[in-house]
Amino acid sequence: MYAALAAQQNGLTTTAASLYTRVLEREPTNFDATHMLGVVQYQRGRFDEALTLLQRAKQLGPDISAAAQNFRLLESVFANEIELCRDALARTSGLIENIPDMSSVLADAPSSHIVLSSEFSEQDRASLEPIIERVPRGRLTLWRPRDAKFNPLGARVLDPQSGLNPVGGLMIFCGMLHSSFSWIPAARPERVILIVTRDLPGMLLDAIRGLSGEGRKAIALIYATSELATRFRLRGDVLPPLDDHVEKVSSLL
């Protein structure tokens, strides 16, 4: 529990969730682990799981007001957050740059860095394949968070506090669940691209603000599907399909 709380306070939500889950595997009725796991899952964007866990915490600790308050808060926040964030996203259009030929940008960059989020799903993997096939192998570096369960072959550990982060070049961020974007301005990327794989308006809003350095440098968007592009209504490319004649790159992931 102490390790889980420390991980949560340091933004390592994947690690915290794993540790709280280990506690619950041994003590399924542990109120604190249930309650805090619900809070962590909310931080990770897993709203349905968060609501279920907080409701369970209410049952385990009916006399503990924190669980009931967080449950009510999450219910109301979740109901209002999506529409509020969609409205706010419309006002970030000036932070999004239009790239006429995304394939050329990917192929011509002297160096490219792909930064994976801590929540790397099969959808994220599928979204990366058309990107990786367009980037020359010798110019590409993969980065993963220290707490990520997924570890692609040859990926470097991202730990900006220890000076372990990409510098310069093209930076491509897959997914919106990153613990911090504060290191990016000092890394001086030539261009930043965000691959949008999920319909999470609040996290997209935070990602756009963070990746742009609160508006200091425009970023580009690539949507995993045309449906996401329609939902968000921000300029950007829809993920190009894999070329049939190109060798598949799944071995990298």
Solution key, residues 204-212 side-chain donor-acceptor pairs under 3.5 Å, sequence neighbours excluded:
| residue | atom | partner | partner atom | Å |
| --- | --- | --- | --- | --- |
| S212 | OG | I208 | O | 2.8 |
| S212 | OG | R209 | O | 3.2 |
| S212 | OG | G215 | N | 3.0 |

query: Do I64 and H35 come close enough that some side-chain heavy atom pair is under 4.5 Å?
result: no
task: Say whether L53 and V23 are linked into one hydrophobic cluster, either directly or through other cluster members, by side-chain heavy-atom distances under 4.5 angstrom.
output: yes
statement: CD (E27) and CD (E25) are apart, to the nearest 0.5 Å, by 12.0 Å
field: R198 CZ: over 12 foreign heavy atoms closer than 6.0 Å
entry: yes
- request: Find the distance between CD1 (I114) and CD1 (I195) and round it off to the nearest 0.5 Å.
  value: 6.5 Å
Any donor-acceptor pair under 3.5 Å from S18 side chain to T14 backbone: no
field: Non-hydrogen atoms of E49 and Q41 that approach each other most closely
entry: OE1-NE2, 2.8 Å
task: Drop me the distance from E190's CD to S112's OG, to the nearest 0.5 angstrom.
output: 9.0 Å
- request: Flag yes if L234 and L95 sit in one hydrophobic cluster, no otherwise; membership is Ile, Leu, Val, Met, Phe, Trp, Tyr, and two members link when side-chain heavy atoms are under 4.5 Å apart.
  value: yes
- prompt: Counting distance only, does the side-chain N/O of R231 pair as donor-acceptor with the main-chain N or O of R86 below 3.5 Å?
  reply: no
- line: Those residues at least two apart in sequence (or on a different chain) that pass side chain to side chain donor-acceptor pair (under 3.5 Å) with D108 are none
- request: Mind listing the closest non-hydrogen atom pair of D101 and S104 along with its distance?
  value: OD2-OG, 2.5 Å
- prompt: How many angstroms lie between atom CE of M102 and atom CZ of R134, to the nearest 0.5 angstrom?
  reply: 10.5 Å
- prompt: Going by the angle between their ring planes, with limits at 30° and 60°, are F232 and Y223 parallel, tilted or perpendicular?
  reply: parallel
- prompt: What's the spacing between S182 OG and Q161 CD if we round to 0.5 Å?
  reply: 8.0 Å
task: State plainly whether one hydrophobic cluster holds both L12 and L5, where clusters connect Ile, Leu, Val, Met, Phe, Trp and Tyr through side-chain heavy atoms under 4.5 angstrom apart.
output: no
- line: Nearest heavy-atom contact between L239 and A224 is CB-O, 3.8 Å
message: Could you see if V39 belongs to whatever hydrophobic cluster contains Y42? Use Ile, Leu, Val, Met, Phe, Trp, Tyr and a side-chain cutoff under 4.5 Å.
response: no
statement: Here the pair of heavy atoms bringing V238 nearest to S226 is CG1-N, 3.8 Å
message: Is there a path of hydrophobic side-chain contacts, each under 4.5 Å between heavy atoms of I/L/V/M/F/W/Y residues, joining L158 to M171?
response: yes
field: Evaluation steps, side-chain contact (heavy atoms from CB on, under 4.5 Å), between I184 and K217
entry: CA-CA 11 Å; I184 295 174; K217 184 180 179 66; over 6 Å; no
message: Using every non-hydrogen atom in the two residues, find where T15 and A7 come nearest and quote the distance to one decimal.
response: CG2-CB, 4.0 Å
task: Take atom CZ of R188 as the centre, draw a 6.0 Å sphere, and report whether it contains more than 12 heavy atoms from other residues, nucleotides or ligands.
output: no
field: Within-4.5 Å side-chain heavy-atom neighbours: L106 and I172
entry: yes
- request: State, to 0.1 Å, how close L170 and V105 come at their nearest heavy-atom pair, and which atoms those are.
  value: CD2-O, 4.2 Å
- prompt: If we only count heavy atoms from C-beta on, is the P166 to W183 side-chain gap below 4.5 Å?
  reply: yes
message: To the nearest 0.5 Å, what is the distance between CD1 on I96 and CD1 on I219?
response: 4.5 Å
query: Is any side-chain heavy atom of I222 closer than 4.5 Å to a side-chain heavy atom of L194?
result: no
query: Is the side chain of S162 donor-acceptor paired with the backbone N or O of L164 at a distance under 3.5 Å, no angle test?
result: no
